[in-house]
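What follows is a set of notes on a single structure, which appears directly below.
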2 protein chains.
Amino acid sequence: MKEGPDIAQIGALIGDPARANMLAALTGGRALTATELAGVGGITVQTASTHLAKLEAGGLLAQRKQGRHRYFTLADEAAARLIESMMGFAAGRGHLRHRPGPKEPALRKARICYDHLAGDYGVRMLDSLISSGSIDAVGDGLALTEKGESDLKCIGIDVGALRSSRRPLCRSCLDWSERRAHLAGSLGKALLASFLDKGWARRAAESRSILFSPEGDRQFLKLFPLETN
Amino acid sequence: MKEGPDIAQIGALIGDPARANMLAALTGGRALTATELAGVGGITVQTASTHLAKLEAGGLLAQRKQGRHRYFTLADEAAARLIESMMGFAAGRGHLRHRPGPKEPALRKARICYDHLAGDYGVRMLDSLISSGSIDAVGDGLALTEKGESDLKCIGIDVGALRSSRRPLCRSCLDWSERRAHLAGSLGKALLASFLDKGWARRAAESRSILFSPEGDRQFLKLFPLETN
DNA sequence: TTCATACTTCGATCGTAACCGAAGCATCGC
DNA sequence: GCGATGCTTCGGTTACGATCGAAGTATGAA
């Protein structure tokens, strides 16, 4: 009864709607100020301030002071992963905040999930990488093959550099809209970064959507074809 | 702001101490009655009843009516995984319900985690399987090798039968006491079952400890030697 | 049938925490 | 220096939900 870690504390932390909204917004990967977070939480700045203090004390958020602003992000990848897995679970149980259906088509097509590509395009990318033999889906995990490493080099991704970070290279992340896996980890991050870098796509200003240009769209679909069998 | 799954609901569900205690108890894998769960939650049966109804409605619990008893278990593996990952996160942040330290040595040595072996012995088993080449730790996942499959057959585990279930064969599960991975999935379950079956170990009556007999201990340590380099 | 056990529902109480207005700091631009 | 902006702290209100006693339903035993 009093053995083990206290899941009630973080449960309660995430369990408040205002805090949950803020955390979900930070899943976008972008650092947000206290005032912005108050907006997404639908509360005043005073209230947001106390919420943010609690979330930070609980190890879910990190803050960076910059001038008179205070930028908040998810504390680390573990925190992001926790929020993601809760989203996956909630989506699987039909705990949706809005009436289901393709309410936000852009968001379902492509959006950012902490720092990598999610949505329809995210799922397609992983599927394509697997069917082309660039990534092995082995057991419950993902692993980059030698072919994958050389293929990625061709589109300007230096896998060696990614490997040196302590963060796992490939990780699968369950998508709440597609209910299927997409690619996370440092490779997922690097791929999205390269799309943005190439000008294929850009982040929407207010939402978590990733907007592909017509040309970027064409290139992406060509680079990651669907297995048609 | 109102896009995506509602993590606040399940957060709140887990966020109540009484409910969290019940969920943690059910991590033991054993089905418990409403009255027993009231005990672990430290509340009366009436209160427990309303809590359990909420947890069931939230998709975290399943119940099976048997005579005048009502047995509760975690709804499925997804629910168990969610609780486990929250425990892992909470442990990593020092959210412990008791003063740290080796308070419950038996529990740290070997305990059940939903349906597989955790604790020091669980970690040791996975480490040994990896270093002997029975399991490949590839990417962030685990995969059984051919050598592993034949080795397991020798100790009476039919991998083919396990494969036919929809549940993943190998899954890594983060341990809150060891802060390292151990083996979950249907293989993890089968291994623990075989230890119990062979009489090497038995479940403690009231806690989640797995108690090894002197002989079982000897066999286990011989079967899963530590890499000493 | 009658009694006992396991559990649920109802009704009322009570504590905690979310909330906001107002005031207090800190930082920036001027 | 001054005012404006971003954020925190304080105090008091309010609402929600956890809690339990009491009564109600279902199952089993005698």
Side-chain angles (χ1 to χ4, degrees), chain A residues 1-2 6-26 30-73 75 95 97, chain B residues 1-2 6-26 30-73 75 95 97:
Chain A
M1 172 155 139
K2 48 180 194 290
D6 188 1
I7 55 176
Q9 272 188 40
I10 36 175
L13 236 31
I14 302 175
D16 180 82
R19 285 195 291 256
N21 282 333
M22 301 196 226
L23 290 169
L26 290 171
R30 202 172 250 168
L32 297 174
T33 67
T35 313
E36 290 170 322
L37 287 168
V40 313
I43 47 179
T44 61
V45 268
Q46 310 94 292
T47 311
S49 180
T50 69
H51 280 317
L52 292 168
K54 285 178 190 175
L55 287 171
E56 198 192 356
L60 282 163
L61 292 190
Q63 60 161 305
R64 206 174 60 235
K65 216 178 151 177
Q66 208 166 90
R68 49 184 164 177
H69 294 277
R70 219 163 199 116
Y71 285 96
F72 288 87
T73 54
H95 293 298
R97 277 181 294 188
Chain B
M1 170 153 140
K2 50 181 193 295
D6 188 3
I7 55 176
Q9 272 188 40
I10 36 174
L13 236 31
I14 303 175
D16 179 81
R19 284 195 291 257
N21 281 336
M22 300 197 231
L23 289 168
L26 289 171
R30 201 171 251 168
L32 297 174
T33 67
T35 313
E36 289 171 324
L37 287 168
V40 313
I43 48 181
T44 61
V45 270
Q46 310 94 291
T47 312
S49 181
T50 67
H51 281 317
L52 292 169
K54 285 179 190 174
L55 288 171
E56 197 192 357
L60 282 163
L61 291 190
Q63 59 161 305
R64 205 174 62 234
K65 216 177 150 177
Q66 207 166 90
R68 50 185 164 177
H69 294 277
R70 216 163 204 117
Y71 285 95
F72 290 86
T73 54
H95 294 296
R97 278 182 294 189

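Convention: sequence-line order gives letters A, B, ...; per-chain numbering from 1.
One distance of note links NZ of A:Lys65 with OH of A:Tyr71; it measures 13.5 Å at 0.5 Å rounding. B:Arg30 contributes atom CZ, which lies 9.0 Å from atom CD of B:Glu36 (distance to the nearest 0.5 angstrom). A distance of 8.0 Å separates CD1 in B:Ile14 from CD1 in A:Ile14, rounded to the nearest 0.5 Å. In this structure, CG in B:Leu26 is found 10.5 Å from CG in B:Leu60, a value given to the nearest 0.5 Å.
One can place CZ of A:Arg19 at 9 Å from C1' of C:dA17, the figure rounded to the nearest angstrom. Here the P atom of nucleotide D:dG28 and the CZ atom of B:Arg70 are 12 Å apart, to the nearest Å. Rounding to whole angstrom units, CG of residue B:Asp16 and C1' of C:dT16 are separated by 12 Å. Following rounding to the nearest Å, B:Tyr71 (OH) and D:dT27 (C1') show an atom-to-atom distance of 14 Å. Counting to the nearest Å, the P atom of D:dT5 and the CD atom of A:Glu36 are 16 Å from each other. Nucleotide C:dT9 holds its C1' atom 15 Å from the CG atom of B:Leu52, rounded to whole Å.
Using a 4.5 Å cut-off on side-chain heavy atoms (C-beta onward), B:Leu23 and B:Leu61 make contact.
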Anything under 3.5 Å between a protein N or O and an N or O of nucleotides 20-26 of chain C, put it in a table, one pair a line.
unit_1: C:dC20; atom_1: OP2; unit_2: A:Thr44; atom_2: N; d: 3.2
unit_1: C:dC20; atom_1: OP2; unit_2: A:Thr44; atom_2: OG1; d: 3.0
unit_1: C:dC20; atom_1: OP2; unit_2: A:Thr47; atom_2: OG1; d: 3.0
unit_1: C:dG21; atom_1: N7; unit_2: A:Gln46; atom_2: NE2; d: 2.5

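Nearest heavy atoms, A:Ala31 versus A:Arg64: CB-NH2, 4.5 Å. The two atoms that bring B:Ala8 and A:Ala20 nearest to each other are CB-CB, 3.6 Å, heavy atoms only.
Across residues 54-64 of chain A, not one residue has a non-hydrogen atom less than 4.0 Å from an atom of DNA chain D.
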Enumerate, atom names and distances included, each donor-acceptor pair closer than 3.5 Å involving a side-chain atom of residues 48-55 of chain B, sequence neighbours excluded.
unit_1: B:Thr50; atom_1: OG1; unit_2: B:Thr47; atom_2: O; d: 2.8
unit_1: B:His51; atom_1: ND1; unit_2: B:Arg19; atom_2: NH1; d: 3.1

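Contact between the side-chain N/O atoms of A:His51 and the OP1/OP2 oxygens of C:dC19 is found at a separation under 4.0 Å.
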